[in-house]
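One structure below.
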Amino acid sequence: MKVLFAKKILLASGWHENVRIEVNSEGIITSIQANEVSFGASMIDGPVIPGMPNLHSHSFQRLMAGLSEVAGNPNDSFWTWREIMYRLVQHITPDQMYDTARYLFVEMLKAGYTSVAEFHYVHNTAHGQQYHDQAEISKALLRAAADVGISITLLPVLYTYSGFNQAAPLKHQKRFILNTEQYLNLFEDLKQSIHRPTQNLGLCFHSLRAVSQDQIDTVLNTVKGDHPIHIHISEQQKEVDQCIDFIGQRPIEYLYDIADVNQQWSLIHATHCNANEIQLMAKSGAVAGLCITTEANLGDGIFPMTDYLQLNGNFGIGSDSHVSVSVAEELRWLEYTQRLRDQRRNRVHQTQYNHNIGETIYQKSLLGGAQSLGQNIGRLEVGARADFLVLNAYDPFIATASDTDLINRWIFGRDDSVIQDVFVAGEQVVFKRHHQDDDAIREKFTAVIRSIIQ
Ligand code: NGQ
Ligand code: ZN
């Protein structure tokens with residue numbers, strides 16, 4: 001058992017001072033007592049807040065951040081970016097996946113993410129065959145997470161087709177393609193590989209473009225249990241139009257028709273949704289998985305957050321393509337996109353959080369993220385896991401912030417550099433912005449970039 005003492009902490013019940021926290025060997029909080037003394041406990045100086053779950057990541061895409069920002073084709077779009085991404089993924093080895101994920105996961109920890117949902121679809125060899133161990137790359141990702149100390153929900157992805165109506169896969173998609181049976185085998189295999197309390201496994205369909213209704217039915221009927229279920233949906237107007245052309249319905253409406261979409265589900269992006277779809281999502285309790293910096297980078301569109309929040313819809317944030325890895329930036333732009341659209345200020349807020357923007361988007365993203373990853377996180381209370389950040393007690397903005405200003409000061413006035421220490425399951429993994437393996441991890445990652453850009 002560990003005993004920690006926080007001078008100031010954001011518990012599920014609000015801000016408290018001089019709090020003693022006991023954490024068991026599984027990283028679960030077993031006792032919290034406020035207005036205590038620090039005797040015998042490890043002292044934490046700066047304000048403590050829950051660590052953020054990152055609900056959507058394709059870790060290998062970190063390698064190409066900043067490499068696709070040169071205009072070539074006047075019609076540059078999501079779809080031309082995807083061609084560059086396909087070229088990148090052709091030759092990455094499992095070891096390079098591991099080295100890339102380790103670097104990225106340390107970046108995440110330092111940027112405020114204490115857990116990640118890895119939406120993983122690079123299953124096959126460069127020739128499109130299964131590896132001798134079909135879970136080779138999946139296991140490399142699990143290992144990377146364990147080695148740096150971030151918590152992970154691995155989402156092995158079913159990806160079979162290149163477009164609606166079961167269009168044959170493209171040559172560049174061969175590393176992604178599995179049939180339903182191969183997918184179910186992979187899933188079973190991975191179930192046996194997950195033992196740590198900080199790791200979880202979920203189901204995942206790449207998109208309505210990449211799987212058929214039959215496949216969704218088969219997977220959901222075969223795999224029992226309350227696993228998280230993720231899918232990319234409604235990200236680009238073109239895919240909405242194609243869905244209407246081929247299926248006769250908009251993607252979100254169609255998904256709700258064919259599946260019982262409930263709180264297990266995360267609808268990633270959900271950018272283009274009409275009033276009915278906003279209602280369907282909010283009522284079902286599913287999580288809208290918003291990845292604002294990637295959505296901005298790819299020119300996707302703006303999620304109708306203000307309408308969705310009026311219906312108290314659930315949401316969380318993800319860094320997706322990792323063009324930015326920063327909780328503060330993701331949340332700031334979640335609010336700013338709404339302001340730019342509406343030509344107004346202070347858009348994303350709720351009575352429950354006293355109409356405070358930072359508090360609303362931080363707390364809602366914690367809860368939505370926890371639900372999306374299917375883990376016992378996102379709030380600091382007895383029975384939940386001790387995943388938290390310690391902000392810099394000596395930063396002028398943090399040192400002087402009132403309780404209600406603190407998250408706003410961080411998100412709107414500062415950046416990641418105010419995150420000093422990071423704990424996952426009660427274990428300290430970042431010490432004054434350093435990770436114990438920083439140097440080795442950085443060297444390996446630099447070598448991967450060098451070999452990939454040649
Ligand atoms: C992906 N990424 O699978 O990595 C997708 C692009 C697609 C994002 N949507 C490819 N951000 O959707 O076909
Ligand atoms: Zn994605």
Side-chain angles (χ1 to χ4, degrees), residues 54-65 67-68 76-90 92 97 100-101 104 116-124 137 141 153-164 166-178 202-211 228-243 246 251-252 255 265-272 287-303 316-325 330 333 369 372-373:
N54 185 340
L55 60 62
H56 192 66
S57 161
H58 308 288
S59 56
F60 74 91
Q61 291 175 14
R62 184 71 180 111
L63 288 164
M64 66 183 283
L67 283 186
S68 64
D76 268 341
S77 68
F78 173 94
W79 308 99
T80 54
W81 168 86
R82 196 172 78 151
E83 298 293 325
I84 301 173
M85 184 271 276
Y86 284 167
R87 284 206 294 278
L88 167 84
V89 83
Q90 292 311 299
I92 302 180
M97 285 279 191
T100 303
L104 170 67
V116 56
E118 178 67 22
F119 194 114
H120 165 57
Y121 56 80
V122 188
H123 302 301
N124 299 329
I137 298 182
L141 295 168
T153 292
L154 184 70
L155 303 163
V157 175
L158 178 58
Y159 196 138
T160 307
Y161 304 111
S162 69
F164 290 104
Q166 303 171 37
L170 306 170
K171 185 172 111 246
H172 279 150
Q173 294 169 329
K174 62 178 178 287
R175 297 196 71 178
F176 319 154
I177 303 301
L178 298 179
L203 292 168
C204 193
F205 305 106
H206 180 272
S207 53
L208 291 173
R209 292 177 267 124
V211 299
I229 307 168
H230 286 223
I231 187 168
H232 284 130
I233 203 143
S234 261
E235 180 177 10
Q236 280 277 318
Q237 188 57 49
K238 182 171 154 188
E239 72 179 326
V240 177
D241 297 342
Q242 283 178 348
C243 191
F246 284 105
I252 297 173
L255 182 68
W265 287 74
S266 290
L267 308 192
I268 305 303
H269 307 304
T271 313
H272 299 280
V287 175
L290 309 176
C291 309
I292 320 298
T293 56
T294 293
E295 290 156 12
N297 185 268
L298 298 180
D300 289 341
I302 301 177
F303 180 76
I317 57 166
S319 59
D320 191 350
S321 70
H322 314 299
V323 68
S324 160
V325 183
E330 216 59 58
W333 280 97
S372 177
L373 269 66

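This chain uses plain numbering: 1 for the first residue, then up along the sequence. Since the model is a prediction, treat every value here as computed from it, not as a measurement. In listed order, ligands and their atoms are each counted from 1.
- Annotation for Ser68 and Trp81: closest pair OG-CD1, 3.4 Å, computed over non-hydrogen atoms.
- With 3.5 Å as the limit, one finds no donor-acceptor pair spanning the side chains of Glu330 and Ser319.
- Contact between His123 and Val157 at its shortest, heavy atoms only, is NE2-O, 2.7 Å.
- Which parts of ligand 1 touch Glu235 is read off a 4.0 Å heavy-atom cut-off, strictly below it: atoms 8 (C), 9 (N), 11 (N).
- Between His232 atom NE2 and His56 atom NE2, the angle centred on the Zn ion (ligand 2) amounts to 100° (nearest 10°).
- The ligand atoms of ligand 1 that sit less than 4.0 angstrom from a heavy atom of Met85 are 4 (O).
- Summary of contacts: the protein heavy atom closest to atom 5 (C) of ligand 1 is His232 CE1, 4.0 Å.
- Atom CD of Gln242 is separated from atom CG of Leu208 by 11.5 Å, given to the nearest 0.5 angstrom.
- In this model, a donor atom of one side chain and an acceptor atom of the other lie less than 3.5 Å apart for His56 and His232.
- When only interatomic distances are considered, the shortest N/O to N/O separation between Asp320 and ligand 1 falls below 3.5 Å.
- Contact atoms of ligand 1 toward Leu298: 11 (N) (distance under 4.0 Å to a heavy atom of the residue).
- Pairing each heavy atom of Leu178 with each of Asn124, the nearest pair is CD2-OD1, 3.8 Å.
- At least one heavy atom of Tyr121 sits closer than 4.0 Å to an atom of ligand 1.
- Of all protein heavy atoms, the one lying nearest to atom 2 (N) of ligand 1 is His58 NE2, 3.9 Å.
- Not a single heavy atom of Ile268 sits less than 4.0 Å from an atom of ligand 1.
- In terms of N/O distances under 3.5 Å, ligand 1 is not approached by Tyr159.
- Any N or O atom pair closer than 3.5 Å counts here, and Trp79 shares no such pair with ligand 1.
- Not a single heavy atom of Glu295 sits under 4.0 Å from any atom of ligand 1.
- At least one heavy atom of Arg209 sits less than 4.0 Å from an atom of ligand 1.
- Using a non-hydrogen distance threshold of 4.0 Å, His206 registers as a contact of ligand 1.
- Side-chain contact, Glu295 with His269: a donor N or O sits under 3.5 Å from an acceptor N or O.
- Ser59 and His322 are not linked by any side-chain donor-acceptor pair at a separation below 3.5 angstrom, with hydrogens and angles left out of the test.
- Residue contacts with ligand 1: Trp81 is placed with no nitrogen or oxygen under 3.5 Å of a nitrogen or oxygen of the ligand (distance criterion only).
- In terms of protein heavy-atom proximity, atom 10 (C) of ligand 1 is closest to Arg82 CD, 3.4 Å.
- Of all atoms in ligand 1, numbered sequentially from 1 with element shown, those under 4.0 Å from a heavy atom of Phe78 are 6 (C), 7 (C), 9 (N), 12 (O).
- When all heavy atoms of Leu154 and His120 are compared, the closest pair comes out as CD1-CB, 4.2 Å.
- A heavy-atom distance below 4.5 Å is not found between the side chains of Ile268 and Ile233.
- Rounded to the nearest 0.5 Å, atoms CH2 (Trp265) and CG (Leu255) are 5.0 Å apart.
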